[in-house]
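What follows is a single structure, written as structure tokens, with notes after it.
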2 protein chains.
Amino acid sequence: MPERQSSRKDAVRNREAVLAAADALFARRESPEDVTMAEVAAAAGVGKGTLFRAFGDRAGLLRALYEARLEPVRQAVETGPPPLGPATPPRDRVPALLDAVLCFKLDNRRLALALEEGGSRSPYRAEHYERWHSLLRAVLEQIPGLSDSDFIAHALLAATRADLVEHLAGEERVPRERMRAQLASFVTRALTSGHRKS
Amino acid sequence: MPERQSSRKDAVRNREAVLAAADALFARRESPEDVTMAEVAAAAGVGKGTLFRAFGDRAGLLRALYEARLEPVRQAVETGPPPLGPATPPRDRVPALLDAVLCFKLDNRRLALALEEGGSRSPYRAEHYERWHSLLRAVLEQIPGLSDSDFIAHALLAATRADLVEHLAGEERVPRERMRAQLASFVTRALTSGHRKS
DNA sequence: TAGAATCCGGACCCTGGGTCCGATTCAACG
DNA sequence: CGTTGAATCGGACCCAGGGTCCGGATTCTA
């Protein structure tokens, strides 16, 4: 459990240095796969021991970076104005949430990729996924005439998987706004009640 | 390019042995991560050199297994009776295709997981994904009043990602039939034309 | 059956995550 | 301000596992 904060000056300074170095490296490198721990340590001017004591393991470092980047979004979602905040009608909030996820992954492609796919463990066990999923599920449940909220939440989130976003943005060269529009349209369609308005 | 067939008796026998051994191992083990190449070789009664010469690398072995398993499904899709075959109206064929994918991944959980996630390369570069996607895209394009076929095809396929299926089946204990029903319902909703009937 | 081409297989290499422990730095205390 | 014990530093080290190599065995061809 390397979570406890150290009060020592050099410890916190090194932690910051590692975070910054890792951030820079992941942004610079093409694939997150080939940024090595030793490299991060070297770039931060730190030994590997320090790095591993501070973050536990590779996944821990990734998580730390990810959480830090995600913090503003989380704030906006939990206690923010519409259309992200809690005071939004469900039918409008769901697309807003997914749009936020998409934008986040577009802005942090490499990082999201590294965290979601790089790990040997399933991304569905990560607790940040669990958070998104249960929130989305809860909002979906407030939409009348819609069942299977659990599955729909999974399926919609799957449309924003990091490697898919990376593929669309990087390989197929789909512009950001177009992608957002497509996702929004898709989400909206998925929310239509089983029976069409007649 | 280790694709060329060898006419030597022992070579083909060893190839079969490796395939069978790998199949058994992946089925038996909990996570595909911890079935090692050396292990496969040993289980097949073969040296590592033989294994790698026959399949190139780990991904090659996985691909070979996958393609073999997928063959019947491919047949059914390309030249089979409805609802999978080409002679099916698009609106019915799309759910059928995705149901087939889902069933396949349910029946070959470990293997699909190993191939889609285990590799260091993005699953979207795999040519079997490309096949599914372009087929689905083509069928979607025949549905009037539906745009963004490319994205929709990606999004729908994302709902059948191996690790999601594994999570639902293994972790959340969702029964097979329930999952199929949920996916079918989701797909159907996603196919509604953009504007509701009014 | 000789000869050559091919294949076999396990010893070997190398990368990269993770650990260890002596040296070093920090902070509390006298 | 010097001492002292504890926490930290950091790079040498370990190990697993994917992938390579080549001497020797096996199989096809003449």
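Here is the naming used below: chain letters follow the sequence lines, and residue numbers restart at 1 for every chain.
Of the candidates C/dA11, C/dG9, D/dC13, C/dA11 carries the atom nearest the B/Lys48 side chain, counting heavy atoms from C-beta on. Candidate nucleotides D/dG18, D/dA12, D/dG10 were compared by shortest atom distance to the side chain of A/Thr50, and D/dG10 ranks first. Here the side chain of B/Thr36 is nearest to one of C/dT19, D/dG17, C/dG16, namely D/dG17. Among the nucleotides C/dC8, C/dG17, C/dG9, the one closest to the side chain of B/Ala11 is C/dC8. Set against C/dT19, C/dC7, D/dG18, the side chain of B/Phe52 has D/dG18 as its closest nucleotide. The side chain of A/Lys9 sits closest to C/dA27 out of C/dC12, C/dC8, C/dA27. When each of D/dC9, C/dG18, C/dG16 is scored by its nearest atom to the side-chain atoms of A/Asp57, the top-ranked nucleotide is C/dG18. In the set D/dG17, C/dC8, C/dG16, the nucleotide with an atom closest to the side chain of B/Asp10 is C/dC8.
At a cut-off of 3.5 angstrom, counting only N and O atoms as typed in the model, there is no donor on one side facing an acceptor on the other between the side-chain of B/Arg8 and the base of D/dT27. A donor-acceptor contact under 3.5 Å links the side chain of A/Arg53 to the base of D/dG10.
The closest side-chain heavy-atom distance from A/Lys48 to A/Phe52 is below 4.5 Å. For the pair B/Arg109 and B/Asp163, the minimum side-chain heavy-atom distance is 4.5 Å or more. The side-chain heavy atoms of A/Leu156 and A/Phe151, taken from C-beta on, include no pair separated by under 4.5 Å.
OP1 and OP2 of C/dC7 both lie 4.0 Å or more from every side-chain N or O belonging to B/Asn14.
Rounded to whole angstrom, the span from the CZ atom of B/Arg58 across to the P atom of C/dT15 amounts to 20 Å. Nucleotide D/dC15 holds its P atom 20 Å from the CG atom of B/Asp34, rounded to whole Å. Distance A/Met37 CE to C/dT19 P: 12 Å, rounded to the nearest Å. At whole-Å resolution of the value, CG in B/Leu61 and P in D/dG19 are 11 Å apart.
B/Tyr129 and A/His167 share no side-chain donor-acceptor pair at under 3.5 Å.
Of the two residues contacting DNA chain D, namely B/Glu33 and B/Arg13, the nearest-nucleotide position lying further toward the 5' end is that of B/Glu33.
For B/Arg178 against A/Asp148, the heavy-atom pair with the smallest separation is NH2-OD1, 3.6 Å.
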